[in-house]
Amino acid sequence: MRKLFAVLVSMLVIACASVCFAAETYQTVYEAINFSEKLGDDEAVNEKFNTPYGTIKIQMRKLWNASSDKRMHVLTWLDDKRISDNYYPEVSTGGYSFRVIKNTSNSELYFVIESQERAYMYGYSPDKNAMMTYIDSLNYAHELGAQPTIVTLKDGKLVLAFEQVYRPYPSSARYQFFWDNSTKWFGYRDLGKDWAPIYKDKQE
């Protein structure tokens, strides 16, 4: 009887997890591809976004007198309080892209800054009262030279893809991310390699 009860409980937990996971979808609500290439020296762009915790303002400035490892300066405020201050290195090709991703189940917003070398995804944590780096592409296994991108797919999945764009048949390795409310952090699944190029599945 105990074994039967344990099996039933396990099946219920798995079913509940599957339903919760299926209900979680992500949507790209803002995107600026290679925005930094259009910025002049010491020129900045400012964007505002409404979140469940207040208005987040993000300023991205290309510094003319900074060292090459601190050429892009990104500041973030929640209402009138500064909550992050980050620097990014100069990139030789493509510049930086900026993307805002929404969890449609709870309206949480996440902010992606990426280049051909590295991709980050940040989000505000009310528990920490700070911006957290939830995804850093350097922390996930990938082939040398693969270009990282954090995007939402047409089916609502949130993925980190590593694109091998210079192969005769471009391919993508992918990781799928989902919010784990028990840890207040993102869990992930390795979806493997040899996917089609990400642009075929990416949300427009």
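Numbers for residues simply follow the sequence, beginning at 1.
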Test of ring centre spacing under 6.0 Å for Y120 and Y88: yes
Rounded distance (nearest 0.5 Å) linking atom CD1 of I113 with atom CZ of R99: 11.0 Å
Sub-4.5 Å side-chain heavy-atom contact between R118 and D136: yes
Any side-chain heavy-atom pair of D190 and Y140 under 4.5 Å: no
Y124-Y122 co-clustered via ILVMFWY side chain contacts under 4.5 Å: yes
Electrostatic pair K62:D41 at N-O distance under 4.0 angstrom: no
Side-chain donor or acceptor of T51 paired with backbone N/O of Y53 under 3.5 Å: yes
Check: N34 main-chain N/O paired with S97 side-chain donor or acceptor under 3.5 Å: yes
Shared hydrophobic cluster for L153 and Y199 (ILVMFWY, side-chain gaps under 4.5 Å): no
Evaluation steps, side-chain contact (heavy atoms from CB on, under 4.5 Å), between Y26 and K157: CA-CA 6 Å; Y26 292 86; K157 291 186 177 72; over 6 Å; no
Result block: side-chain N/O donor-acceptor pairs under 3.5 angstrom for residues 73-82, not counting sequence neighbours:
residue	atom	partner	partner atom	Å
H73	NE2	D85	OD1	2.5
T76	OG1	S84	OG	2.9
D79	OD1	T55	N	3.0

Within-4.5 Å side-chain heavy-atom neighbours: L63 and M72: no
Aromatic plane relationship, Y175 with F177 - under 30° parallel, 30 to 60° tilted, over 60° perpendicular: tilted
Check: T104 side chain, T25 main-chain N or O, donor-acceptor pair, under 3.5 Å: yes
Side-chain donor/acceptor of Q203 to backbone N/O of T28, under 3.5 Å: yes
Side-chain touch Q164/F162, heavy atoms, less than 4.5 angstrom: no
Pair Y134 and W179, ring centroids less than 6.0 Å apart: yes
Hphob cluster co-occupancy, L109 + M132, side-chain heavy atoms under 4.5 angstrom: no
Interatomic distance, I101 atom CD1 to E31 atom CD [nearest 0.5 angstrom]: 9.0 Å
Shared hydrophobic cluster for Y87 and L39 (ILVMFWY, side-chain gaps under 4.5 Å): no
Shortest non-hydrogen separation from P148 to A119 and the atoms involved: CG-N, 3.8 Å
Inter-residue atom distance S137.OG - I150.CD1, 0.5 Å rounding: 6.5 Å
Sidechain-backbone polar pair: W185 side chain, N181 backbone, donor-acceptor under 3.5 Å: no
Backbone of W64 reached by a side-chain donor or acceptor of R71 within 3.5 Å: no
Donor-acceptor contact present, side-chain T133 to main-chain I135, <3.5 Å: no
Interatomic spacing from CD in E47 to CD1 in I58 - rounded to 0.5 Å: 8.5 Å
Rounded distance [0.5 Å steps], CE in M121 versus CZ in F111: 10.5 Å
Full working for side-chain hydrogen bond (donor to acceptor under 3.5 Å, both in side chains) between D180 and S182: CA-CA 6 Å; D180 185 341; S182 64; 2.5 Å; yes
Same apolar cluster: V100 and I83, side chain cutoff 4.5 Å: yes
Worked check of side-chain contact (heavy atoms from CB on, under 4.5 Å) between Q59 and V45: CA-CA 6 Å; Q59 181 186 86; V45 292; over 6 Å; no
Salt-bridge contact R174-E163 (side-chain N to carboxylate O under 4.0 Å): no
Between CZ on residue F49 and NZ on residue K102, distance to nearest 0.5 Å: 12.5 Å
Test log, rule side-chain contact (heavy atoms from CB on, under 4.5 Å), inputs T152 and K202: CA-CA 6 Å; T152 57; K202 177 186 171 185; 5.9 Å; no
Working for side-chain contact (heavy atoms from CB on, under 4.5 Å), residues E143 and K193: CA-CA 10 Å; E143 296 180 1; K193 302 178 181 180; 3.7 Å; yes
Ionic contact status for K154 with E204, cut-off 4.0 Å: no
Centroid separation F178 to Y188 less than 6.0 Å: no
Donor-acceptor contact below 3.5 Å, side chain R61 vs main chain D42: yes
Whether S36 side chain and Y96 backbone form a donor-acceptor pair below 3.5 Å: yes
Any side-chain heavy-atom pair of F98 and V112 under 4.5 Å: no
Electrostatic pair E90-K70, nearest N-O below 4.0 angstrom: no
